[in-house]
Every structure is written in C-alpha cells, then in structure tokens.
Amino acid sequence: MLINNKNFSLVVFIFISLYFFNNYLEISSQNTLPINDELGYIGEGIHLRDISYDFREIINRNRTPFLPLVISFLAQSKTSLVQYSQEYIELYRESQIAIILIVCFINFFSFLKMKKSFKFNYIVLFFFIYLYSIPLTAQITEVVVEPIFMSLYLLFIISVFEVKDSVNKKEYIIMGFVGGIL
C-alpha cells in the first residue's frame, strides 16, 4: 500500500535521481580534459556565442543544436576561451554539470508521464533505476549529447503514446515541443 502512494514514489524517484546525479558527477570529474566530440561541442557553443545566435552559421549541421546552445549560454561570461585554457576547462566542467542536470530534469518529466500509465509505481521506479544505472551511466563516461538524446527520445515516445488516443491540444503541443528539442 505504501509503494502505491503517489508522494512516496515521487520521493523515492527523487532520491534515486540524487544518487545517480552524485554518481554522474563523480564519473564526469574523472574526465578533466575534453577530447573528441567534447571539443566539437564546446567549439560549436563558443562559435554560436560569437555569431550572436545566427543559426544559419552553425559550423557542423551534424550536431544537435540544443547542447551547443546551452554551452554558448554558459560561455557568455568567459573572455579567453583558448583551447585548454583555465576558462576553457571551467566551461567544459560547467557543460558536464549542465548535461547531467538536463538529463535528470528530462527524466523527472518522463517519470511523471510514465507514472500516469502504470498501475504500480514500483515498475516505473525499477525502470528508472535500470535507465540510470546501465544505459545512461555507460554513455555519460564521456559526457556529451547522447544521454540528453536518449532521455529526450524516451520523453518523446511517451508523449507520442499519450497523444495517440488524446484529443487534448495541450498533449500535441507538449509532443511538438519535445520533438523540436529532440
């Protein structure tokens, strides 16, 4: 009876999220220098900041614009963003923390949406324990866009199933917003 209580499952989900948030911070702190794709995303964010958000001038169309946009907002107060300078490393660390926060925030909305669809909340809680512990942990070792993409894709699929049988325009707007960010 206690496990079906709505507030209890929300509290348990928040504790699960905080545990994995702390775990992800520990994992990301082991990567002190950006490499490979991380350099590309940071470079794209700095470029986007420097061109005053003219999206026609995005360097690499392969990259999802959400992460470089977040990085560009984080880079606003930085002046000397020469590769591997102190401010550059600070921007990298801030982007790691921002990605982890975004993933936890998106998963919170996914949890709230999934909770409506399942009779027993412990099924949803076990799903998020699995999601946090295996796929997201594996992808967050090099903290780049994949954890955000995976979480957004889950939220989008949940939104599609809600819209499928709904006549509520609000659900269509939410699905379009999530799809646009995705």
Side-chain angles (χ1 to χ4, degrees), residues 13-14 16-49 51 53 55-75 91-118 124-164 171-182:
F13 175 76
I14 290 171
I16 290 168
S17 297
L18 288 174
Y19 169 77
F20 281 102
F21 176 78
N22 187 40
N23 189 26
Y24 293 158
L25 284 176
E26 183 68 31
I27 292 169
S28 67
S29 68
Q30 295 170 3
N31 300 332
T32 55
L33 294 175
I35 56 171
N36 304 331
D37 281 351
E38 296 162 337
L39 290 169
Y41 282 109
I42 292 173
E44 185 72 27
I46 293 168
H47 175 73
L48 196 57
R49 176 200 70 170
I51 61 169
Y53 301 104
F55 290 102
R56 295 172 296 180
E57 300 230 6
I58 291 178
I59 299 172
N60 187 344
R61 301 270 179 207
N62 232 351
R63 303 200 188 283
T64 55
F66 185 62
L67 183 57
L69 186 63
V70 169
I71 291 172
S72 70
F73 284 124
L74 293 173
L91 176 63
Y92 172 62
R93 183 67 179 149
E94 290 169 3
S95 68
Q96 288 178 318
I97 294 169
I99 290 165
I100 295 168
L101 284 172
I102 291 167
V103 166
C104 289
F105 188 71
I106 293 168
N107 284 340
F108 175 72
F109 283 116
S110 297
F111 172 76
L112 292 179
K113 286 183 158 288
M114 283 181 75
K115 214 168 88 157
K116 292 187 261 180
S117 302
F118 289 91
V124 178
L125 290 171
F126 284 128
F127 170 77
F128 277 96
I129 290 172
Y130 167 77
L131 179 71
Y132 277 137
S133 62
I134 297 173
L136 288 180
T137 302
Q139 291 182 343
I140 215 153
T141 54
E142 281 186 27
V143 183
V144 290
V145 78
E146 284 80 11
I148 295 174
F149 178 76
M150 184 177 200
S151 298
L152 272 173
Y153 191 65
L154 172 66
L155 184 59
F156 181 73
I157 295 298
I158 295 167
S159 299
V160 166
F161 280 110
E162 282 186 349
V163 165
K164 184 180 74 160
E171 297 298 328
Y172 286 95
I173 292 170
I174 291 171
M175 184 188 77
F177 181 72
V178 171
I181 293 174
L182 178 64

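These numbers were taken from a predicted model, which means no experiment stands behind them.
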- Message: Nearest 0.5 angstrom please: Leu112 CG to Phe13 CZ, how far?
- Response: 7.5 Å

- Query: Could you state the interatomic distance from OH (Tyr19) to CD1 (Ile16), rounded to the nearest 0.5 Å?
  - Reply: 11.0 Å

- Task: With the side chain counted from C-beta on, respond yes when Ile99 and Tyr24 share a heavy-atom pair under 4.5 Å apart, and no when they do not.
- Result: no

- Closest heavy-atom pair and its distance - Ser72, Gly45: CB-O, 3.1 Å

- I would like to know whether Phe128 and Met114 meet side chain to side chain contact (heavy atoms under 4.5 Å, CB included); could you show each step before the answer? CA-CA 10 Å; Phe128 277 96; Met114 283 181 75; 3.8 Å; yes

- Please round to the nearest 0.5 Å and tell me the distance separating atom CG of Asn23 and atom CG of Leu18. 12.5 Å

- Measuring from Ile106:CD1 to Tyr153:OH, what's the distance to the nearest 0.5 Å? 15.0 Å

Result block: side-chain N/O donor-acceptor pairs under 3.5 angstrom for residues 155-162, not counting sequence neighbours:
residue: Ser159; atom: OG; partner: Leu155; partner atom: O; Å: 2.9
residue: Glu162; atom: OE1; partner: Lys113; partner atom: NZ; Å: 2.5

- Item | Sequence neighbours excluded - salt bridge (Lys or Arg N to Asp or Glu O under 4.0 Å) pairs with any residue from residues 20-33 | none

- Task: Check whether any side-chain heavy atom of Ile46 sits under 4.5 Å from a side-chain heavy atom of Leu91, and report yes or no.
- Result: yes

- Query: Taking C-beta and beyond as the side chain, do Phe149 and Leu152 meet within less than 4.5 Å on heavy atoms?
  - Reply: no

- Message: Using the rule given for side chain to side chain contact (heavy atoms under 4.5 Å, CB included), can you reason through Leu154 versus Phe127, listing the C-alpha separation, both sets of side-chain angles and the distance that settles it, and then say yes or no?
- Response: CA-CA 12 Å; Leu154 172 66; Phe127 170 77; 3.8 Å; yes

- Task: Look up atom CG in Leu67 and atom CD1 in Ile148, then write down how far apart they are to the nearest 0.5 Å.
- Result: 5.0 Å

- Message: Centre-to-centre under 6.0 Å for Phe109 and Phe105, is that the case here?
- Response: yes

- Item | Nearest heavy atoms of Ser110 and Ser151, plus distance in Å | OG-O, 4.2 Å

- Message: Are the side chains of Val103 and Asn107 in contact, using a 4.5 Å heavy-atom criterion?
- Response: yes

- Which is it for Ile71 and Glu94 under the side chain to side chain contact (heavy atoms under 4.5 Å, CB included) test, yes or no, and what are the steps along the way? CA-CA 8 Å; Ile71 291 172; Glu94 290 169 3; over 6 Å; no

- Task: Kindly give the heavy-atom pair with the smallest separation between Cys104 and Ser17, and that separation in Å.
- Result: SG-O, 4.3 Å

